[in-house]
Amino acid sequence: MTTVSIPAGWPATEQEARAVQDELRASVLLDEPGPPPGTGHVTGVDVAYDDERDVVVAAAVVLDAASLDVLAEATAVGRISFPYVPGLLAFREIPTVLAALDALPCAPGLVVCDGYGLAHPRRFGLASHLGVLTGLPTIGVAKNPFTFTYAEPAAARGSAAPLLAGDDEVGRALRTRAGVKPVFVSVGHRVSLDNACAHTLALAPEFRLPETTRRADALCRRALEEALREASQAIPGTPQETPQESATRH
DNA sequence: GCGACAG
DNA sequence: ATCTTGTCGC
């Protein structure tokens, strides 16, 4: 597991973070269809936290898009870079997610994020942000509708309904399992909404959530437990070395 | 002004 | 996100 420090110049206030979003938003590409479903690599990314100990762990898991077999995995650990603020989730997750992606031994292909892309107060959610920073095609698949509205899709798997911010379709409520709560798909970078939904459906043949998300979630939870176990191995009463310090040391 | 609000 | 017991079902 690689270690990462908080980048220099990382936003320290909500105002600064919102300004970054407003600036980077112009770089999002929305006119590309993205890779065809069922081909190449698809990578899930997710993050687990221990706020008490100021530890964050990210995981990236590469799947073969056709078989959904795991091809590669990587994890990264760091310190929490931002508090959780609705609309600013990316600033909490991105430094460690980038480190996990960098540690992969192969190309990620399409990146599937746990959260939103376009479906965001300023149309620049985690998936958009990660896409602009990496140049990779990205989509967001969230478990909750956030502040957006939607009509309940039909009960059949594959049914969908627009996810609306007023009159704007910012994503789609997509039923991946018959009769089960839909997931909320939105475009990140360099992928169309239709294609994002097709990928999501292809990645969720059995469960509500895509396999990319399930694999990344399981891995970052295991990695967080491991990181906390190692921290508690130290002699009680001894000042604990922080991830920041171990990243700086050479 | 108050509440709601991805993870 | 995380905290948490039992329970229903494949």
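Model, not experiment: these values are computed from the prediction. Just so it is clear: chains get the letters A, B, ... in the order the sequence lines come, proteins before strands, and each one is counted from 1.
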Taking it one step at a time, do A:Tyr49 and A:Glu93 satisfy side chain to side chain donor-acceptor pair (under 3.5 Å)? CA-CA 10 Å; A:Tyr49 304 92; A:Glu93 307 210 333; 2.8 Å; yes
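The stretch residues 150-161 of chain A does not touch DNA chain B, since none of its heavy atoms comes less than 4.0 Å from the strand.
Among the protein residues, A:Leu163 comes within range of no part of the nucleic acid, since none of its heavy atoms lies under 4.0 Å from any strand. A:Gly140 comes within 4.0 angstrom of no nucleic acid atom, judged by non-hydrogen atoms across all strands.
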List every contact pair, protein side and nucleotides 1-3 of chain C side both N or O, where the distance is under 3.5 Å.
{"unit_1": "C:dA1", "atom_1": "OP1", "unit_2": "A:Arg221", "atom_2": "NH2", "d": "3.3"}
{"unit_1": "C:dA1", "atom_1": "OP2", "unit_2": "A:Lys143", "atom_2": "NZ", "d": "3.0"}

Between protein and nucleic acid, restricted to nucleotides 4-10 of chain C and to nitrogen or oxygen atoms under 3.5 Å apart, what atom pairs and distances do you find?
none

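Counting only Watson-Crick and G-U wobble pairs whose two distances sit under 3.5 Å, DNA chain B takes part in no stem of three or more pairs.
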Just to be sure I follow the notation: if a pair is Watson-Crick (purine N1 to pyrimidine N3 plus N6-O4 or O6-N4) or a G-U wobble (N1-O2 and O6-N3), each under 3.5 Å, what dot-bracket string does DNA chain C give, with | for pairs to another strand? ..........
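Aromatic ring orientation, A:Phe148 versus A:Tyr116: perpendicular (interplanar angle above 60°, classes split at 30° and 60°). Ring geometry for A:His129 against A:Phe91 counts as perpendicular: the plane angle is over 60°, on a 0 to 90° scale with 30° as the lower cut.
Of all nucleotides in DNA chain B, those with any atom nearer than 4.0 Å to a heavy atom of chain A start and finish, going 5' to 3', at B:dC5 to B:dG7.
Minimum interatomic distance between A:Cys113 and A:Leu130 (heavy atoms only, all atoms of both residues): SG-CD2, 3.7 Å.
When each of A:Val112, A:Thr212, A:Leu101 is tested with A:Thr43 by the rule side-chain contact (heavy atoms from CB on, under 4.5 Å), just one qualifies, namely A:Leu101.
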